[in-house]
Undergrad: 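Dropping a structure here in structure tokens format, bear with me for questions.
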Amino acid sequence: MAIERIEAFQVQWSPDDTAAQRSAFVRVWTDDGQHGVGEASPMQGGLASLGMIVHDIAPGLIGADPLDHAVLQDRLSHRLAKLGPEGALTGALAAIDIALWDLKGKLFDQPIYKLLGGAWRTALPFYASIGGNGVERTLDDVLRIIEQRMQDKPAAIKIRFDNGRVNLDADIPDHLEKARAVRRLVGDNFPLAFDANNGYSTGGAIRVGRVLEDLGYWWFEEPVQHYHIKAMGEVASKLSITVSAGEQTYTTGGLVELIEAGVRMIQPDIVKMGGITGLLRCAALAQAHGVELVSHQTQPMIGHVANLHVCAAQLHATKPCEWNDPSTRMHAVFDRPPFPVDGLFNLSEAPGLGIDFVESELQKRRIDL
Ligand code: CA
């Protein structure tokens, strides 16, 4: 059995709006007619990753054994290192890896978590990850959205502040007012997290972090620029609240640098680096260093399910899985779209990922390169 063909395409979240946001998917076919599906990081529609898949990666995969997915990924990441290597290339290789694991599950007629050595849990709690709470949204609107999302029964809520990373500290009063109001809304004991999206200086981050500690927030995500690794570590070391980072890290070496700087919770993303193979390596790394691995994941479908399989097999799952703002935008495109029931995502025993495209609906929203 050999890889015969690779499709790389976008799916438009709204079929009638060409300006709508897009996801980046792959489908890998074998010469005996089987297939697996994968997803790349969708930054700018994932076009950079999809382009690399079509032009640079697919030629190196045709004819290969899909079960050699780790060798194939390592070979291509080294051969193509000068294309990046971080970001678009690692996202492209992640998409392929997820598809090859999906294919492997189908070949062995087992869900991926079984092939990973078994699940500690197949009913997974999640936290509602809620973006866009900065000055662009009123305090009342922030509270209304949180009330809505509480109806899904999340185990925790994370409020994200996205200020573009260039106007450091400017919005701290607004952010703190909202952090306090959200705490009042949900009560003292409900788990909350705060995501700065790299919006602060070191001093600003420590100031915000002290308030979050007083408010009993669970973790404080990416307080300073992701590339200021020492500063990230300094903030982590000076605060008692858990400081997390790593969603903009694309190598295990990069994660080690964060850990050595003082970060004690790392957040690699399965569609940005390494896919399932890569996230397993991150889990081993976190285990070896005694830090928490709480994977980042904001895609609603393939990336989300792939992440759930790894989380199911994770020994020390200290925090719930991330679930980004839900919508109905692509549910019709998939046969078994993931939805939480009573606050839990239940992994099925279907082989592979347990999710696939509905071909007729896919055709309405698919955009090939
Ligand atoms: Ca984040």
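Both counts, for ligands and for their atoms, begin at 1 and track the order of listing. Only heavy atoms go into these numbers, but all of them, side chains included; no hydrogens, no water, no symmetry mates.
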Undergrad: If you link ILVMFWY side chains whenever their heavy atoms are less than 4.5 Å apart, which other residues fall into the same cluster as L315? By chain and number, please.
TA: W120
Undergrad: Among V28, L61, I96, exactly one meets side-chain contact (heavy atoms from CB on, under 4.5 Å) together with I53. Which residue is that?
TA: I96
Undergrad: Can you list the protein N, O or S atoms less than 3.0 Å from the Ca ion (ligand 1)?
TA: D195 OD2, E221 OE2, E247 OE1
Undergrad: Does a side-chain N-to-carboxylate-O contact under 4.0 Å join R365 and E361?
TA: yes
Undergrad: Rest of the hydrophobic cluster containing W218 (Ile/Leu/Val/Met/Phe/Trp/Tyr, side-chain heavy atoms under 4.5 Å)?
TA: Y127, W219, M265, V294
Undergrad: Could you list the cluster mates of V358? Members are the ILVMFWY residues connected by side-chain heavy atoms closer than 4.5 Å, either directly or through other members.
TA: none
Undergrad: If you define the side chain from C-beta out and look only at heavy atoms, does anything of C311 sit under 4.5 Å from S295?
TA: yes
